[in-house]
Amino acid sequence: MKFDLLEPATIGEATALLSARADARILAGGQSLLLMIRSGLVRPATLVSLNAVGGLAEITAGPTDGLSIGALATHANILASPLVRERAPLLAMAVERIGSTPVRNFGTLGGNLCHNEMGGDPPPALLALGAEAECAGPRGRRRIPLADFFTDYFSTALAADEILTGIAIPRQPAGSRALYLKHAMRPGDLAIVGVAALLEMDGGVCRRARLALGGVGPVAFRAYEAEKLLGGARLDEGAIDAAAEAAAAMCDPIDDAHAPAEYRKKMARVFVRRALRRAAAGEER
Amino acid sequence: MKRIVRLCVNEEEVELAIEPSTLLLDVLREQMGLTGARRGCESSYCGACTVLLDERTAHSCTLLAALVAGRKITTVEGLARGAALDPLQQAFIERNGFQCGYCTPGMILAARALLLQNPDPSEAEVRRALDGNLCRCTGYQKIVESIMEGAKHYRREKK
């Protein structure tokens, strides 16, 4: 393991370094990247640490009651934030399930999203929250809806010289019920399936639903087909079963050391059903 | 190319020449002789390499030493005051909180990080705080008992 380590003081300097050096990678908390370098999966000649760039770890109230989370906010920062608990408890539920305490102490939200490993916990939660990625590059800043951010295994829509600087989460509809459920063999593992559900309920009727799944395809995704079935429906067992079926049909899982594809797909159906049942019943845990 | 970094380890400032890619674990063990941070899985699972960074648990196998300059690093060697062991160390001895001992420094430091924040944890909170530390001998019961015992002393000291 050998590389050069640069510590620019601004985002502008950091993107300039990425433009100038094709073999450079951004280093955030290092909880995934250093392991990948160690095991020889990637061999960047230069790491550009964002450590010295100020203001990237802040969690602030966004405009119109939303939430803005800096890319370098650690998972521990997010869990300790009353603002997150109040405005995006769904994200806190997902972040709580990441790795272990030391990993959460140093791993960052931005790092997690850019690493984009199958079965990560924040992606489905942020998709259900309708979040956007705030990016900066030599050609300026832009926002990417999170649904367009994850492009393939370990890949994102960021250009080689672009940096994710933060995540914007819009205000959630009043009275919405949200829940993240994770299936894994050991608590800190990547999810075999992770389900984030956010329901706007009106009595027993679901006015609008957002449902996102991770671990069951190349990238986390919104289960739009299931959402369509849920919108306007009374959430009885029949409607929940139909939605779970539709969500499972959208899955495109792989076999790996943790679970075969067929099992992942089956579990997707089971966990979507559970998530919807519990969210509809107002069990926000 | 090597660079000079100032690390604050166990309340002592040290200046070391290191490669930018050097891990904190290697600096502690190879350059400073602090072998309480153990080499285990080297992939941030087992927690044998646990140290405290500003009083929070950290896996030193997954941190670049150059990036923790100026922060307060504590290894198990930094806990005793002269001949007096830390109450957690004492409790691990009295309650047989270890067998082979390989995971013990990490367990004690993870417990210390918890007790500094919450000196009156439930058993469930103790188990949760050990989620980054594996033991392959004891089955955790004695470890949890040792920490619950050590916590009594932390509470007394805090008063």
Side-chain angles (χ1 to χ4, degrees), chain A residues 1-8 24-53 72 74-77 79-80 95-108 111-112 115 117 184-190, chain B residues 1-3 5 18-26 37 39-71 106-107 109-114 116-118 121 124-134:
Chain A
M1 194 163 95
K2 196 144 188 154
F3 45 76
D4 197 7
L5 177 66
L6 302 174
E7 297 171 71
R25 289 286 179 104
I26 290 288
L27 177 71
Q31 298 297 298
S32 300
L33 182 55
L34 291 178
L35 301 186
M36 290 188 87
I37 294 173
R38 171 90 55 88
S39 49
L41 292 170
V42 288
R43 291 191 173 79
T46 307
L47 291 188
V48 179
S49 166
L50 297 181
N51 236 16
V53 178
L72 252 54
T74 64
H75 306 310
N77 292 154
L79 289 174
V95 165
E96 206 167 32
R97 306 299 306 274
I98 295 172
S100 60
T101 303
V103 171
R104 289 189 297 272
N105 282 344
F106 297 94
T108 65
N112 179 289
H115 182 54
E117 187 161 10
M185 291 301 155
R186 297 168 298 184
D189 285 352
L190 290 160
Chain B
M1 207 180 63
K2 282 195 175 173
R3 57 171 78 181
V5 296
I18 60 168
E19 292 289 340
S21 50
T22 306
L23 298 166
L24 179 58
L25 175 66
D26 292 318
R39 195 181 295 285
C41 72
E42 296 188 85
S43 53
S44 202
Y45 268 99
C46 78
C49 69
T50 300
V51 299
L52 299 188
L53 202 65
D54 298 332
E55 301 192 338
R56 309 192 73 137
T57 50
H59 286 159
S60 62
C61 76
T62 316
L63 290 176
L64 294 180
L67 294 181
V68 295
R71 296 178 69 176
M107 291 289 177
L109 289 166
R112 180 170 168 81
L114 169 70
L116 290 175
Q117 286 193 351
N118 173 14
E125 285 168 329
V126 169
R127 286 179 186 274
R128 168 108 175 126
L130 301 180
D131 63 355
N133 298 77
L134 296 180

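Quick note: numbers below take in every heavy atom, side chains included, and nothing from hydrogens, waters or symmetry partners. On a predicted model such as this, the values are computed, not experimentally measured, just so you know. Every chain is numbered from 1 and lettered A, B, ... according to where its sequence line falls, protein lines coming before strand lines.
- Neither the backbone nor the side chain of Leu33(A) has a heavy atom closer than 4.5 Å to any heavy atom of chain B.
- In terms of modelled atom types and a separation under 3.5 Å, the side chain of Arg38(A) and the main chain of Cys61(B) share a donor-acceptor contact.
- Annotation: side chain of Thr62(B) is not in contact with side chain of Phe106(A) (no heavy-atom distance under 4.5 Å).
- A donor-acceptor pair is defined here as one N or O able to donate and one able to accept, closer than 3.5 Å; such a pair exists between the side chain of Asn105(A) and the backbone of Thr57(B).
- Around CZ of Arg43(A), the count of heavy atoms belonging to other residues, nucleotides or ligands within 6.0 Å does not exceed 12.
- Both the backbone and the side chain of Phe3(A) come within contact range of chain B, each with at least one heavy atom under 4.5 Å from a heavy atom of that chain.
- At distances below 3.5 Å, not a single donor-acceptor pair connects side-chain atoms of Asp131(B) with backbone N or O atoms of Ser100(A).
- Closest non-hydrogen pair, Gly132(B) versus Pro102(A), comes out as CA-CD, 4.0 Å.
- Contact count versus chain A (heavy atoms, under 4.5 Å) is highest, among Leu23(B), Asn133(B), Leu130(B), for Leu23(B).
- The line from NE2 of His59(B) to CG of Leu34(A) is 14.0 Å long, rounded to the nearest 0.5 Å.
- For the set Asn51(A), Ile37(A), Leu47(A), the count of heavy-atom pairs under 4.5 angstrom toward chain B peaks at Asn51(A).
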Open item on the list: For Lys2(A) and Thr22(B): C-alpha separation, side-chain torsions, deciding distance, then whether side chain to side chain contact (heavy atoms under 4.5 Å, CB included) applies.
Closed with: CA-CA 8 Å; Lys2(A) 196 144 188 154; Thr22(B) 306; over 6 Å; no

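- Using a 4.5 Å cut-off between heavy atoms, Arg128(B) contacts chain A through both its backbone and its side chain.
- For Ala129(B), the part sitting under 4.5 Å from any heavy atom of chain A is the backbone (N, CA, C, O) and nothing else.
- For the atom pair Met1(A) CE and Glu19(B) CD, the distance stands at 11.0 Å (nearest 0.5 Å).
- If you measure heavy-atom distances from Thr101(A) to chain B, the contacts under 4.5 Å come from both the backbone and the side chain.
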